[in-house]
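Residue numbering restarts at 1 for every chain, and letters A, B, ... go by the order of the sequence lines. No experiment lies behind these values; they were computed from the predicted model shown.
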Amino acid sequence: MENEAPEALEKRVKERREGLPELPNAKKGEVVLRFAPNPNGPLTLGHSRGVIINSEYANIYSGKIILRFDDTDTKIKRPDLKAYDWIQDDFKWLAGRKPDTVIEASARMDEYLRFAEKFISEGHMYVCTCSGEDFKQFRIDKQDCPCRNNDSTENVEKWIKMNDSDGGYSEGEAVVRVCTNMEHKNPALRDWPALRIQTTPHPKVGEKYRVWPLLDFQSAVEDYLQGVTHIIRGKDLMDSTRKQQLLYEMTGWTYPETLYWGRVKVHEFGGFSTSQMKNDIEEGKYSDWDDPRLPTAKAMRRRGISADAMKRFWVELSLTEKDISIPLATLQSHNAKVIDKDSPRLSFIQEPVKLTLTKEDVKIPEILEIPRHPLHEEFGFRKWQLEVEKEFEVYIEKDDYEFAMSNNGLLRLKDFADVQIYSSQNGKITSLTKSDGRAIIHWLAAGMEHPFALNKPDKNGEWGVVNGLLENNDYPLGQILQLERIGFARLESSEMIWTHS
RNA sequence: GCUCGCGUGGUGUAGUCCGGCCCAUCAUGGCGGGUUUUCAUCCCGUUUACCCGGGUUCGAAUCCCGGCGCGAGCACCA
């Protein structure tokens with residue numbers, strides 16, 4: 001058998017793959033990856049995929065992950081000074097660590113301009129002074145623009161004029177193009193633009209530079225300079241890869257291995273446009289970037305989604321080029337598994353109804369001890385001081401009260417006692433032990449509560465405040481709680497933010 | 001218009017390169033049940049899929065051809 005068909009033995013056995021697929025041509029310890037957002041806002045849910053997938057691969061291959069701020073547009077997607085910090089913060093939360101290197105493209109301008117000048121003098125790029133509209137036509141017609149045939153000396157002169165704020169070209173009058181091929185079958189690759197003039201000051205470096213690289217050029221040069229081995233990007237940038245490969249071919253550089261993912265939408269949010277969110281916040285539709293209704297990393301964190309759940313979520317979606325639309329429930333399901341085991345239980349009474357109960361012959365304890373977590377007694381106990389002398393008052397939810405009224409008034413107060421309730425909002429404690437299969441509800445003893453609010457979405461997804469009574473506690477702000485029979489929520493100073501059930 | 005990519009259940013995903021081990025994996029959701037003094041966690045059961053049409057082949061989710069659908073690029077945005 002081995003002698004007759006050796007190739008049959010070499011064929012890989014079909015196995016179920018788990019986690020991320022292998023990176024092509026990756027050597028442990030030598031992988032360099034990068035995540036390159038535009039700092040025009042904090043990270044969105046979409047960006048979180050980039051942080052997680054790239055940093056996961058860096059972990060798997062003991063490689064490096066670079067965080068690069070692609071901030072070379074001063075006009076359309078202006079960098080937001082605050083975003084540089086936000087993104088580093090979001091990155092650290094998602095990846096569980098800081099990036100190995102942080103680069104700001106705007107701080108690397110000298111390098112980009114140096115390479116631009118080199119490529120122009122070598123004839124790989126040229127200065128084009130045609131209008132955008134004219135060039136568009138040349139591209140459609142597969143015709144060279146008049147500037148294409150200028151010799152490199154002339155191009156260097158024009159390059160100097162581009163950089164000259166005094167008497168040179170002004171914004172829109174000249175761009176630098178990569179000399180590819182005007183008959184390339186893919187129109188997107190025909191002499192693509194590499195640098196242009198921008199006179200809007202940059203928030204970081206002001207008016208120090210006049211000619212700025214476009215993404216394709218900046219990214220191509222920086223990836224080379226940093227020794228990036230693998231690029232993982234959206235498939236909308238496939239043509240970007242091809243443009244950059246053409247430049248790499250001219251310069252003799254080796255292009256990184258490139259992988260892509262498709263577009264992701266979340267049912268509840270649709271897409272994740274940073275500029276759209278920015279507008280909406282400015283118009284007052286949302287309070288800020290961490291408004292729980294927004295698909296930002298900040299908002300997810302505020303809603304009590306754990307970084308671990310985000311990681312599981314993105315790793316499960318893996319690296320496919322398919323455009324997908326996924327319900328938030330998938331992320332929430334991962335999250336529930338992660339947070340359930342260490343979320344302390346607490347009672348929260350929505351729309352409370354106060355009941356006065358008689359104790360009859362039942363002897364109630366002065367202190368009721370309820371575990372903070374049903375599966376982890378080592379977390380300790382909640383200790384409720386009960387009123388043994390005077391009237392005994394409790395709060396239950398209006399819905400539970402109404403349910404009891406239409407079902408003979410029998411209820412069990414969880415972890416405490418069986419009660420019989422009357423429509424007068426009075427009742428009696430009938431026994432401490434559970435005597436039958438009656439419904440068990442959560443409740444609060446009077447004196448153990450304080451008014452508090454829960455900010456949560458209704459059935460239609462509209463967020464609103466539910467007022468109620470929260471069990472007294474000393475958990476720190478940011479603690480994720482499980483409100484018994486309701487769901488998870490994260491504690492803030494003036495309210496709780498709903499996580500999910 | 002030109003160019004590129006993708007099409008497996010309600011939603012994702014494995015398998016597609018190298019055809020048989022796939023009457024198609026795992027998860028999530030739905031439904032039903034169990035455990036639980038929470039409608040949480042956990043456990044069990046159940047449900048539904050290879051875009052369409054040809055071809056090659058003993059055999060096709062997988063290879064070939066042709067459709068159709070969806071998405072993206074063709075920006076002096078990233």
Under 4.0 Å between a side-chain N/O of Ser240(A) and OP1 or OP2 of G73(B), yes or no? no
Base, sugar-phosphate, or nothing for Arg412(A), non-hydrogen atoms under 4.0 angstrom? base
Salt-bridge present (Lys434(A), Asp418(A); N to O < 4.0 Å): no
N-O pairing of Glu316(A) and Arg312(A) below 4.0 Å: no
One thing to verify: whether Glu171(A) and Arg196(A) come together as a salt bridge, which I'm taking to mean a side-chain N less than 4.0 angstrom from a carboxylate O. no
Side chain of Lys77(A): nearest nucleotide among C77(B), A78(B), U13(B)? C77(B)
Between U25(B) and G20(B), how many Å separate the two P atoms, rounded to a whole number? 16 Å
Would you say a side-chain N or O of Thr320(A) is under 4.0 Å from OP1 or OP2 of U13(B)? yes
For Cys128(A), report the nucleic acid contact type (base, sugar-phosphate, nothing); a contact means any heavy atom under 4.0 Å. nothing
Do NZ/NE/NH1/NH2 and the carboxylate oxygens of Asp70(A) and Arg68(A) come within less than 4.0 Å? yes
Between G7(B) and U16(B) - C1' atom distance, rounded Å: 13 Å
Spacing between Gln245(A) atom CD and U3(B) atom C1', to the nearest angstrom: 15 Å
Paired with Trp443(A), the ring-ring contact (aromatic ring centres under 6.0 Å, His included) test is passed by just one of Trp384(A), Tyr395(A), Tyr401(A), namely Trp384(A)
Does Ser347(A) reach a base, just sugar-phosphate, or nothing at all? Heavy atoms under 4.0 Å. nothing
Let me know the distance between CD1 of Ile326(A) and P of G9(B), rounded to the nearest Å. 14 Å
Using the C1' atom as the reference point in each nucleotide, state the distance between C50(B) and A40(B) in Å, no decimals. 37 Å
Please report the distance separating the C1' of U37(B) from the corresponding atom of C44(B), rounded so that it comes out in whole Å. 23 Å
Lys265(A) NZ - C6(B) P separation (whole Å): 19 Å
Give one of base, sugar-phosphate or nothing for Leu237(A), where a contact means two heavy atoms less than 4.0 Å apart. base
Inter-nucleotide P distance (C65(B), U28(B)), Å rounded: 39 Å
Could you tell me whether Lys434(A) contacts a base, only the sugar-phosphate backbone, or nothing, with contacts defined as non-hydrogen atoms closer than 4.0 Å? nothing
Interatomic distance where CD belongs to Glu321(A) and P belongs to U13(B) [whole Å]: 12 Å
Lys322(A) side chain N/O closer than 4.0 Å to the phosphate oxygens (OP1, OP2) of U8(B)? yes
Which residue lies more 5' along RNA chain B, comparing Arg242(A) with Leu317(A) via nearest heavy atoms: Arg242(A)
In RNA chain B, consecutive runs of at least three Watson-Crick or G-U pairs below 3.5 Å, as range with range, amount to B:1-7 with B:68-74, B:10-12 with B:26-28, B:29-34 with B:42-47, B:51-55 with B:63-67
Strand contacts (RNA chain B) in residues 186-196 of chain A, 4.0 angstrom heavy-atom criterion: Asn186(A), Pro187(A), Ala188(A), Pro193(A), Arg196(A)
Under 4.0 angstrom, heavy atoms only, what part of the nucleic acid is Leu215(A) near: base, sugar-phosphate, or nothing? base
Rounded to the nearest angstrom, tell me the gap between atom CG in Leu331(A) and atom P in G29(B). 12 Å
If you draw a 6.0 Å radius around NZ in Lys278(A), do more than 12 non-hydrogen atoms from other residues or ligands fall strictly inside? yes
How long is the line joining CZ of Phe269(A) and P of U11(B), in whole Å? 20 Å
Whichever of Leu319(A) and Glu173(A) has its nearest RNA chain B nucleotide further upstream toward 5': Leu319(A)
In terms of side-chain geometry, is the basic nitrogen of Asp400(A) or Arg485(A) positioned less than 4.0 Å from the acidic oxygen of its partner? yes
Test applied, salt bridge (Lys or Arg N to Asp or Glu O under 4.0 Å); reference residue, Asp216(A); option that passes from Arg177(A), Lys243(A), Arg233(A), Arg242(A): Lys243(A)
Does a side chain donor of either Gln218(A) or Glu222(A) reach within less than 3.5 Å of an acceptor in the other side chain? no
Touch class at under 4.0 angstrom, heavy-atom based, for Gly262(A) against every strand present: nothing
Which label fits His376(A) and Phe379(A): parallel for a plane angle under 30°, tilted from 30 to 60°, or perpendicular past 60°? parallel
Can we say Asp223(A) and Arg34(A) salt-bridge, meaning some charged N sits less than 4.0 Å from an Asp/Glu carboxylate O? yes
side-chain contact (heavy atoms from CB on, under 4.5 Å) with Val266(A): which of Thr330(A), Ile324(A), Leu328(A)? Leu328(A)
When we call it a touch if two heavy atoms are under 4.0 Å apart, what does Ser275(A) touch: a base, just sugar-phosphate, or nothing? nothing
If the C1' atom of G9(B) is compared with that of U47(B), how far apart are they to the nearest Å? 9 Å
For Arg372(A), is there an ion pair with Asp342(A) - N to carboxylate O distance below 4.0 angstrom? no
Rounding to the closest angstrom, what is the interatomic distance between A14(B) and C63(B) at atom P? 16 Å
Using a 4.0 Å heavy-atom cut-off, does Asp73(A) contact any base of the nucleic acid, only the sugar-phosphate backbone, or nothing at all? sugar-phosphate
Answer yes if the side chains of Arg78(A) and Thr200(A) hold a donor-acceptor pair under 3.5 Å, and no otherwise. no
Rounding to an integer number of angstrom, what distance separates C6(B) and C64(B) when you compare their P atoms? 13 Å
Given atom CH2 of Trp314(A) and atom C1' of G12(B), what is their separation to the nearest angstrom? 11 Å
Pairs under 3.5 Å (N/O, protein and nucleotides 39-41 of chain B):
{"unit_1": "C39(B)", "atom_1": "N4", "unit_2": "Arg485(A)", "atom_2": "NE", "d": "3.2"}
{"unit_1": "C39(B)", "atom_1": "N4", "unit_2": "Arg485(A)", "atom_2": "NH2", "d": "2.0"}
{"unit_1": "A40(B)", "atom_1": "O2'", "unit_2": "Asp340(A)", "atom_2": "OD1", "d": "2.9"}
{"unit_1": "A40(B)", "atom_1": "O2'", "unit_2": "Gln482(A)", "atom_2": "NE2", "d": "3.0"}
{"unit_1": "A40(B)", "atom_1": "N3", "unit_2": "Arg345(A)", "atom_2": "NH2", "d": "2.8"}
{"unit_1": "U41(B)", "atom_1": "O4'", "unit_2": "Asp340(A)", "atom_2": "OD1", "d": "3.3"}
{"unit_1": "U41(B)", "atom_1": "O4'", "unit_2": "Asp340(A)", "atom_2": "OD2", "d": "3.1"}

